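The structure appears right after this line, and notes come after that.
Keep in mind that what you see is a predicted model, and the values were worked out from it rather than measured. Counting starts at 1 for both ligands and their atoms, following the listed order. Residues: numbered from 1 along the sequence shown.
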Amino acid sequence: NQMLTWQRAGFHFRTVKNYMNDPSGPMYYKGWYHLFYQHNPNYAYWGDISWGHAVSRDLLNWFHLPVAVKPDRWYDIYGVWTGSITVMPDDGRVVMLYTGGTKEKYQIMSVAMAADPSDPLLVEWVKYDEVNPVLRPPPGIGLTDFRDPNPIWYNTTDSTWQLVIGSKNDSLQHTGIAMVYTTKDFINLTLLPGVLHSVDHVGMWECVDLFPVASSGPLIGRGLDRSMMLADNVKHVLKASMNDEWHDYYAIGSYDVATHRWVPDDESVDVGIGMRIDWGKFYASRTFYDPVKERRVMWGYVGETDSGDADVAKGWASFQGIPRTVLFDVKTGTNVLTWPIEEVESLRMTRKDFSDIVVNKGSTVELHVGDANQLDIEAEFEMDKDALETAIEADIGYNCSSSGGAVSRGVLGPFGLFVLANQDLTELTATYFYVSRATDGSLHTHLCHDEMRSSKANDIVKRVVGGTFTVLDGELLSLRILVDHSIVESFAQGGRTSATSRVYPTEAIYERARVFLFNNATGATITAKAVKVWQMNSTSNQYYPFTSSN
Ligand code: DQQ
């Protein structure tokens with residue numbers, strides 16, 4: 001079916017076939033990047049959840065290995081859900097701690113081990129039947145609200161790990177919480193009193209992650225291993241996936257390993273009520289430290305927004321978003337930067353350059369780039385200075401999701417790009433900025449994705465998503481967009497914010513896909529100062545067992 005093959009991404013991680021969700025246990029091991037993921041090996045929808053497994057030298061080209069662990073024990077028969085992998089420092093054992101579902105759908109933790117730690121590919125895994133399950137929810141925690149264990153710190157002094165598990169407490173105020181356990185062996189786990197952190201009214205926290213970032217000093221620009229938790233000039237990022245609304249939130253704060261409490265720098269920007277990792281279709285993100293490039297890398301999955309029937313017809317569902325490096329933003333001091341890993345630039349092929357293109361109010365300009373299905377776009381925009389300084393828009397409280405998207409015209413926006421667009425602009429995905437100047441003079445800049453015209457198919461959830469981010473004095477507005485057939489990822493201002501969309505164009509495909517600049521502001525001319533557009537190579541996917549023919 002032609003309609004279904006063009007949707008397959010060219011350079012994003014995907015399964016061989018069938019369904020995928022959360023990245024699990026990502027790591028670097030003996031020369032290989034490993035990605036495990038929540039996987040239904042039998043069907044293109046969620047269920048029979050197992051750990052899929054693939055390895056790569058560069059996080060872009062993949063060798064797909066056999067499923068690592070499947071639901072085949074009483075303690076995980078409903079699914080082998082998300083968890084983590086830890087290499088034991090003393091004896092080199094490779095330990096997987098995962099959430100298992102019982103037939104009653106209760107959530108309990110179990111352990112599997114790599115059968116042969118000397119195998120760099122870690123192909124075979126054995127469940128530790130003698131000890132499993134190793135952990136059940138503590139009193140007061142719901143039997144189905146206990147999942148996604150993740151080690152956050154190793155104490156070299158007493159050889160203990162601290163790990164976090166997400167939950168909620170409805171006897172409080174529908175409170176999202178993360179608990180901290182200590183362990184030496186991932187078999188005997190002890191709950192520490194109190195919680196790492198909690199936020200009322202946000203519900204269940206899934207896939208909790210807590211990691212250090214360098215906030216000043218000589219480590220700036222480097223990612224930090226979890227052993228650097230206590231280093232000087234370090235802040236701690238707490239991230240959780242809000243199960244109620246299916247979005248990943250984070251906040252910056254400080255973690256005290258002795259009291260095992262994390263506090264946000266700013267209480268009004270707490271986890272679940274403040275900053276998003278990404279405004280679009282991006283969930284269950286998780287980071288790992290890459291010792292080769294001394295960086296912290298984040299994976300998050302990009303689910304489908306078409307119907308379950310369409311996924312079954314396609315025979316597959318979901319991508320992983322492009323892996324991102326995560327750094328503290330030293331310029332603003334209030335957010336992290338997430339940015340496509342530098343290896344993505346190695347996929348760039350022919351490049352088209354455009355400069356100083358004036359986009360008048362209410363107009364579009366086509367960028368003739370050739371094939372427009374796999375692109376990396378960098379664009380910088382300047383707004384007519386007089387307009388920016390003088391235009392006042394009543395404090396309209398602009399909101400990407402409810403203010404009418406790319407077609408609704410305001411004084412200083414929207415303007416940006418149409419990608420995966422057909423010639424008559426009846427099908428397109430818009431990435432745009434909207435600047436509002438409030439009556440108090442303050443400027444608020446939004447990054448939005450408008451999916452409303454992204455497909456002429458009718459069984460698709462289409463939204464406008466996005467939010468504000470910081471623009472410092474003298475900065476041009478900058479945008480990076482990765483386009484890959486049916487996934488669009490946009491990063492504003494070097495990664496201060498991002499938005500990801502799954503889209504299903506029906507006409508803007510193959511040689512009919514195009515790219516345009518657009519400006520729907522009524523009060524300002526926009527100049528695209530520099531726009532670079534690269535066509536992107538595809539990455540390889542090889543399937544186990546590896547033979548010269550595949
Ligand atoms: N997906 C897993 C859970 C996790 C959720 C099940 C997040 O462990 O909480 O597939 O998407």
Residues at least two apart in sequence or cross-chain that pass side-chain hydrogen bond (donor to acceptor under 3.5 Å, both in side chains) with Tyr75, listed by chain then number, are Asp129, Asn132

Quick note on ligand 1: atoms under 4.0 Å from a heavy atom of Tyr283 include exactly 7 (C), 11 (O)

For this session: Would you confirm whether the ring centroid of Tyr543 sits within less than 6.0 angstrom of the ring centroid of Phe63?
Result: no

Answer yes or no: does an N/O atom from Arg147 fall short of 3.5 Å to an N/O atom of ligand 1? yes

query = Between Gln162 and Tyr154, is any side-chain donor less than 3.5 angstrom from a side-chain acceptor?
reply = no

| task | Look at ligand 1 and say whether Asn21 reaches it with a heavy atom at a distance under 4.0 Å. | result | yes

Taken in chain and number order and not counting sequence neighbours, the residues that satisfy side-chain hydrogen bond (donor to acceptor under 3.5 Å, both in side chains) with Thr468 are none

Here the pair of heavy atoms bringing Lys314 nearest to Asp306 is NZ-OD2, 2.9 Å

Any side-chain donor paired with an acceptor under 3.5 Å for Ser498 and Glu489? no

At under 4.0 Å between heavy atoms, what of Thr82 touches ligand 1? The answer is both

Looking only at protein heavy atoms, what sits closest to atom 7 (C) of ligand 1 is Asp22 OD2, 3.0 Å

So the atoms of ligand 1 within less than 4.0 Å of a heavy atom of Gln38 turn out to be 2 (C), 6 (C), 10 (O)

Query raised in the report: Among side-chain atoms of Ser241 and Lys239, is any donor-acceptor pair under 3.5 angstrom?
Result: yes

The atoms of ligand 1 lying under 4.0 Å from a heavy atom of Asp148, numbered in the order shown, are 3 (C), 4 (C), 8 (O), 9 (O)

- For ligand 1, find out whether one of its N or O atoms is nearer than 3.5 Å to an N or O atom of Glu206. yes

Under 4.0 Å between heavy atoms, the region of Asn243 that gets near ligand 1 turns out to be neither

